[in-house]
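First the structure, in the form of structure tokens, and then the observations on it.
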Amino acid sequence: MSAPTSPADLVILGGGSGGYAAAFRASELGLNVVLIEKDKVGGTCLHRGCIPTKALLHAGEVADLAREGEQFGVKTSLAGIDMDGVNNYKNGVISKLYKGLQGLVKARKITYVEGEGRLTSPTTVEVDGQTYEGKHVLLATGSYPRSLPGLEIDGTKVITSDHALDLDRVPSSAIILGGGVIGCEFASAWKSFGVDVTIVEALPHLVPLEDEAASKLLERAFRRRKIGFELGSRFSGVQSTENGVKVSLENGKEIEAELLLVAVGRGPVSAGLGYEEVGVAMERGYVLVDEYMRTNIPTISAVGDLVPTLQLAHVGFGEGILVAERVAGLEPAPIDYAGVPRITYSDPEVASVGLTEEQAKERYGEVKTLTYDLAGNGRSQILKTTGAVKLVQAPDGPVVGIHMVGSRVGELIAEAQLIYNWEAEADDVASLIHPHPTQSEALGEAHLALAGKPLHLHG
């Protein structure tokens, strides 16, 4: 496709969540947009991240239900996991969404360029010898799975999440290096598939960015599910063995398994793309931006995993939309990152929005907390899930943190984010009637209790 002769309003390098959201919003606002992507529109989230991992987790949930039907009075048994079938299901979900996205790109009349782009000036990007000029350039080149110094990823015994999503077999055992969101999600899915799993995490808790109470509830649930974990344990090396790998820890322990999944986070894709040469300010590979996603160069913005904000697809969407609106001359508000919902889709799920108790104490000094156990929630009992809703309240003020653990609590976080973002006080939520029996009642009951009028809560 030939480049527009006059400069486009916006040239976007990277068609993942941040890039395509910016492209869609900018074209809605009447801007002329060029979207450049070297692989497939949808990026990591659709093809190698959020969507495929959640499909694996759902297949795992189905396996667990088949295995455990007896406890609901249903005689089921699990004949086995057919990885080809699981992958077909997962790839079917991806391809449907991918087709939909491609259709949207066409419908919005976005100039879509397939190829590897490189920033060549504050207003130009070059793709395969062709230059695309824009009044504004948006960098949205995303992230890749990180490794540790000296840890060789071979793609067979030592793998990243990219490889893990395309496994053609169920390994008998696996060690997962990293107990963050990605590590816990794979541990959960693989355990459901019958894999013997051990997580190795250098920090004192699983999902270390969450409220400590949520981490402890997840650890308790993982123990019950016989998912092993070594906390506060640093990795020191890995050797190949006849049947897999042997991992050594700094504390002298050694663990053997068929596979090592390296899930130590994701790093920005920024090397060799011309950013430094054009003078874009960077740190540790990340592009630095202000609260409006502007870099130090007036014509260049950056969003998504490339910048040091929360690495979440929905954050990319929000940042991309903010840039499109700003470039179109609107005045969008900066994003309050504490107000962005965060979910780990393991079994049980961990979902949170706002501040942890520790962060709230740092900000306010004294805070009030309340924990509502899901044991008091009818729907949770029907689902046979355990967990809790924990609220953190500013002194005589709004609820500033909501932390939930339990099956399906990720679906409750939408209401929780309204509570946080609209600065609701406990009384505001307590006066709303939640439907019975639902898990959403747990959120209502927690606020009733916080407002001093508990219903199904043992004081």
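The first residue of the sequence shown is numbered 1, and numbering continues consecutively from there.
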*Any side-chain donor-acceptor pair under 3.5 Å between Asp305 and Tyr286?*
no

*Does the side chain of Ser188 pick up a donor-acceptor pair with the side chain of Tyr345 at under 3.5 Å?*
no

*Does some side-chain heavy atom of Leu443 sit less than 4.5 Å from a side-chain heavy atom of Met404?*
yes

*Test item: Arg225 side-chain N/O and Arg220 main-chain N/O as donor-acceptor pair under 3.5 Å*: no

*Do Asn377 side-chain atoms and Thr438 backbone N/O form a donor-acceptor pair below 3.5 Å?*
yes

*Charged N to carboxylate O below 4.0 Å: is that the case for Lys38 and Asp128?*
no

*Who passes ring pair (Phe, Tyr, Trp, His ring centres under 6.0 Å) against Phe186, sequence neighbours left out?*
Trp190

_pair Lys253-Ser233: side-chain heavy atoms closer than 4.5 Å_ = no

_Using 0.5 Å steps for rounding, measure from the CG atom of Leu139 to the CG atom of Leu273._
8.5 Å

*Any side-chain heavy-atom pair from Leu203 and Leu231 closer than 4.5 angstrom?*
no

*Okay, side chain of Asn421, backbone of Gly339: is any donor-acceptor separation there less than 3.5 Å?*
yes

*Would you say Val399 and Val392 make side-chain contact, with heavy atoms under 4.5 Å?*
no

_Check Asp82 with Arg169, please: is the shortest side-chain N to carboxylate O separation under 4.0 Å?_
no

*asked:* Tell me whether Glu68 is salt-bridged to Lys384, with the criterion being a basic N under 4.0 Å from an acidic carboxylate O.
replied: no

_Can you tell me how far apart CD (Gln311) and CZ (Arg342) are? Round to the nearest 0.5 Å._
14.5 Å

*Minimum side-chain heavy-atom gap His447-Leu370 below 4.5 Å*: no

_side-chain contact (heavy atoms from CB on, under 4.5 Å) involving Ser240 - partner list, sequence neighbours excluded_ = Lys157

*Give a yes or no answer on whether the side chain of Thr344 reaches the backbone of Ser346 with a donor-acceptor pair at less than 3.5 Å.*
no

*Tell me, do Ile176 and Thr198 make a side-chain contact under 4.5 Å, heavy atoms counted?*
no

*Counting distance only, does the side-chain N/O of Ser192 pair as donor-acceptor with the main-chain N or O of Asp64 below 3.5 Å?*
no

_Counting only heavy atoms from other residues, nucleotides and ligands, does the tally under 6.0 Å from CD of Glu152 exceed 12?_
no

*Verify, without hydrogens or angle tests, whether Asp168 (side chain) and Met83 (backbone) share a donor-acceptor contact under 3.5 angstrom.*
no

*Would you say the side chains of Thr386 and Arg224 form a donor-acceptor pair under 3.5 Å?*
yes

*Please check if the side chain of Gln239 supplies one atom and the backbone of Lys246 the other of a donor-acceptor pair under 3.5 Å.*
no

*Between NZ of Lys368 and CG of Leu391, what distance do you get to the nearest 0.5 Å?*
10.5 Å

*With no hydrogens and no angle check, is any side-chain donor or acceptor of Glu219 less than 3.5 Å from a backbone partner on Leu206?*
yes

*Would you call Arg266 and Ser161 a side-chain contact if the rule is heavy atoms closer than 4.5 Å?*
yes

*Atom pair CD (Glu61) and CG (Leu56), whose distance is rounded to the nearest 0.5 Å*: 13.0 Å

_Can you see whether Glu210 engages Ser215 through a side-chain donor-acceptor pair at a distance of less than 3.5 angstrom?_
no

_With side chain to side chain contact (heavy atoms under 4.5 Å, CB included) as the criterion, how do Leu312 and Val340 come out once you've worked through the C-alpha distance, each side chain's angles and the decisive distance to 0.1 Å?_
CA-CA 9 Å; Leu312 299 167; Val340 173; 4.2 Å; yes

*Any side-chain heavy atom of Phe235 within less than 4.5 Å of one from Leu151?*
yes

*How long is the gap from OG on Ser27 to CD1 on Ile110, to the nearest 0.5 Å?*
4.0 Å

_Electrostatic pair Arg25-Glu325, nearest N-O below 4.0 angstrom_ = yes

*Roughly how far apart are Leu46 CG and Leu101 CG, rounded to 0.5 Å?*
6.0 Å

_Does Lys40 qualify as a cation-pi partner of Tyr98, given the criterion of NZ or CZ under 6.0 Å from the six-membered ring centre and within 45 degrees of its axis?_
yes

_Donor-acceptor check, side chain of Tyr372 to backbone of Gly376, threshold 3.5 angstrom: yes or no?_
yes

_Salt bridge Lys75-Glu70, side-chain N to carboxylate O under 4.0 Å_ = no

